[in-house]
Amino acid sequence: MSERYDVVIAGAGPAGAQCARDLAERGYEVLVLETEPEGTFPAQSNKSTGGTFPSMMGSFGIPDDVVMHYTDSVVLESPDENFQMTQPGAVLEFADFKRYLVRDGRDHGATYRFDSRVSQPIVENDEIAGVRYDGGEEVYADIVIDATGPAAPLAKALGVSDLERKRQAIGIEWEYEGVALDHPGYADLNDSMMLRLDHDLAPGGYAWIFHTGADTAKVGLCFIQNDKYGPSDDRVRIDDALTGWLDDDPRFAEANRIDDSQHRGSAHIQPPKQLSTDRFMAIGDTVPSIDPLWGQGIDKCMRSGRAAAVTADRCFTGRMDTSADEMTIYDMLWHRNVAPKAAMRLLMTHLIYYAPTERYNRFIRDLRRLSSDTLSSANAGNPFALAKLFHVGDIPLFRDFVAEHRELIGQLLPGPRSLLSD
Ligand SMILES: Cc1cc2nc3c(=O)[nH]c(=O)nc-3n(C[C@H](O)[C@H](O)[C@H](O)COP(=O)(O)OP(=O)(O)OC[C@H]3O[C@@H](n4cnc5c(N)ncnc54)[C@H](O)[C@@H]3O)c2cc1C
């Protein structure tokens, strides 16, 4: 007889593991299949800087012992300016965080199977009925969830995901000791997470220094595919860009790389196409849910895992209905709770990374000028607050941006009202 669960989840990242926690807590039979072996988990998938905020820690009951360092502020930096705002945060030890989610899910009754690479859906009567893993193994479920991040083997096979290579962001970071966190001429980065906008360092993307205690920090950068600034899917180039920054910036003059501390990965910055279908949901980075403006992925993934668990619970309650129609509860929750105003934020992201480096200095000065309420509204995608960050001199930039992004704008703005209402 074939093995059967209420829900099978592919991938034990934050999205899959959180979904498993919530489902197991509600008493459902849930199996998580994870490609990496348990003994070294997470290795390849230990990819994140792990910067997050108290709302995520509180909402999902994340314990202090997975935190490397608590921070008090966020700093934005351009070549000549910086802006510091008070914002409590936490830099997670991402590997500990992932292992905690697995442990806690198991404590609530979830089953985990490591060393189990999911390869394809089992389709019966035009619906997903289970998954194939590790070559010949099969497991069946009433609902299947793809939480494998950008790999997305199930979502791709079912036509739910169309992650585009040209919309990929790739990131790399290392942990360093001996970093001069309060160097003359720069903002004091003690107890801070700093993001730097500077195409000379990170063409079409951004760079970061996240303090992790004493004189240590996570230092990295990401490239976002961008026609104007070129790069780059070339992994050698991103390594070179990081080395170049470390060689030139005086804050790293005495810094040393900590062994085995590399984190590397990718995500997609694009509008999501579809999120679910009959008996199936795609969660976390399997659909492009990373916050496009500031790279926040963890909170989004946890929220999408929770939205999927709520949806499954609804589908199983009363007369079981796992049809595509019923699954759209997940789509509704995603647009409301995971990535509200996604279209506006995505457009802003492309515009910000399209602006030339010199424009970033003025952007940072404007941020210093605006009230924290206006900044919160702008960050939430409010078009009126966002308008305060632009000037008459930006008209040529807008004109070129619109000319070069017609296809994306068409995708994001099917009607003029969607910007304000999605
Ligand atoms: C360099 C970098 C820095 C980042 N920094 C931050 C940050 O500071 N703050 C923040 O909030 N976000 C950050 N992010 C984003 C954040 O890490 C991601 O959004 C988040 O990890 C995505 O979670 P996920 O569960 O969707 O996918 P993943 O974390 O990718 O997990 C997917 C899991 O699925 C497994 N898997 C893959 N394929 C298969 C398969 N075929 N079968 C079974 N299992 C499979 C993988 O091994 C992995 O365990 C960063 C990302 C990168 C790349």
Side-chain angles (χ1 to χ4, degrees), residues 8-20 31-38 40-53 55-57 68 71 74 89-92 94-95 97-99 101-102 112-121 131-134 137 145-157 168-174 193-195 205-210 212 218-224 238 242 262-269 282-292 294-305 308 338-339:
V8 165
I9 300 172
Q18 179 55 39
C19 188
L31 171 69
V32 183
L33 298 168
E34 164 60 44
T35 191
E36 291 193 19
E38 182 159 16
T40 48
F41 176 78
Q44 181 102 355
S45 69
N46 183 10
K47 62 183 191 183
S48 181
T49 314
T52 192
F53 296 104
S55 53
M56 193 290 286
M57 305 285 291
M68 287 178 93
T71 52
V74 171
V91 183
L92 304 177
F94 192 66
F97 171 59
K98 284 188 75 164
R99 286 190 288 258
L101 294 174
V102 171
Y112 272 83
R113 204 163 289 163
F114 285 84
D115 230 340
S116 301
R117 196 180 77 82
V118 172
S119 51
Q120 54 179 292
V131 300
R132 285 211 169 83
Y133 68 101
D134 267 359
E137 302 292 330
I145 293 176
D146 192 340
T148 56
L154 304 173
K156 282 179 191 159
Q168 198 182 29
I170 55 169
I172 180 179
E173 77 171 13
W174 284 86
M193 300 188 216
M194 183 279 273
L195 297 174
Y206 55 89
W208 62 85
I209 302 173
F210 282 16
T212 48
K218 294 183 178 179
V219 180
L221 49 81
C222 76
F223 290 164
I224 299 172
I238 197 166
L242 184 55
Q262 191 199 70
H263 309 221
R264 187 195 274 277
S266 70
H268 287 76
I269 309 287
I283 67 174
D285 281 357
T286 298
V287 284
S289 43
I290 198 160
D291 179 282
W294 305 121
Q296 284 295 306
I298 295 168
D299 180 56
K300 303 280 169 205
C301 292
M302 302 288 281
R303 286 172 192 242
S304 72
V338 179

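Counting convention: from 1, in listed order, for ligands and their atoms alike.
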Closest to [atom] (judged by heavy-atom distance), picking from [options]:
atom: atom 21 (O) of ligand 1; options: Phe53, Phe41, Phe94; value: Phe94
atom: atom 41 (N) of ligand 1; options: Val118, Asp299, Thr49; value: Val118
atom: atom 39 (C) of ligand 1; options: Ile238, Leu154, Leu33, Thr148; value: Thr148
atom: atom 33 (C) of ligand 1; options: Gly284, Gly171, Gly13; value: Gly13

For ligand 1, the portion of [X] having any non-hydrogen atom under 4.0 Å away:
X: Phe210; result: side chain
X: Ser119; result: neither
X: Ala147; result: backbone
X: Lys98; result: side chain
X: Pro14; result: both

Consider every N or O of [X] and every N or O of ligand 1, then say whether any pair is closer than 3.5 Å.
X: Thr35; result: yes
X: Pro150; result: no
X: Ala15; result: yes

Within ligand 1, which atoms have a heavy atom of [X] less than 4.0 Å away?
X: Ser48; answer: 3 (C), 4 (C), 5 (N), 6 (C), 7 (C), 12 (N), 13 (C), 14 (N), 16 (C), 17 (O), 50 (C)
X: Lys47; answer: 1 (C), 2 (C), 3 (C), 21 (O), 28 (P), 29 (O), 30 (O), 52 (C), 53 (C)
X: Ile298; answer: 10 (C), 11 (O), 12 (N)
X: Ala151; answer: 38 (N)
X: Ser45; answer: 46 (C), 47 (O), 48 (C), 49 (O)
X: Gly265; answer: 53 (C)

Once the angle between the rings of Trp208 and Tyr206 is folded into 0 to 90°, is it parallel (under 30°), tilted (30 to 60°) or perpendicular (over 60°)? tilted
For [X] and [Y], indicate whether the former's side chain and the latter's backbone hold a donor-acceptor pair under 3.5 Å.
X: Lys218; Y: Phe210; answer: no
X: Ser45; Y: Pro42; answer: no
X: Gln262; Y: Trp174; answer: no
X: Glu36; Y: Ala43; answer: yes

Examine ligand 1 and decide if any of its atoms is less than 4.0 Å from a heavy atom belonging to Arg117. yes
Could you tell me whether ligand 1 has any atom less than 4.0 Å away from a heavy atom of Cys222? no
More than 12 heavy atoms from other groups under 6.0 Å of CD on Gln44: no
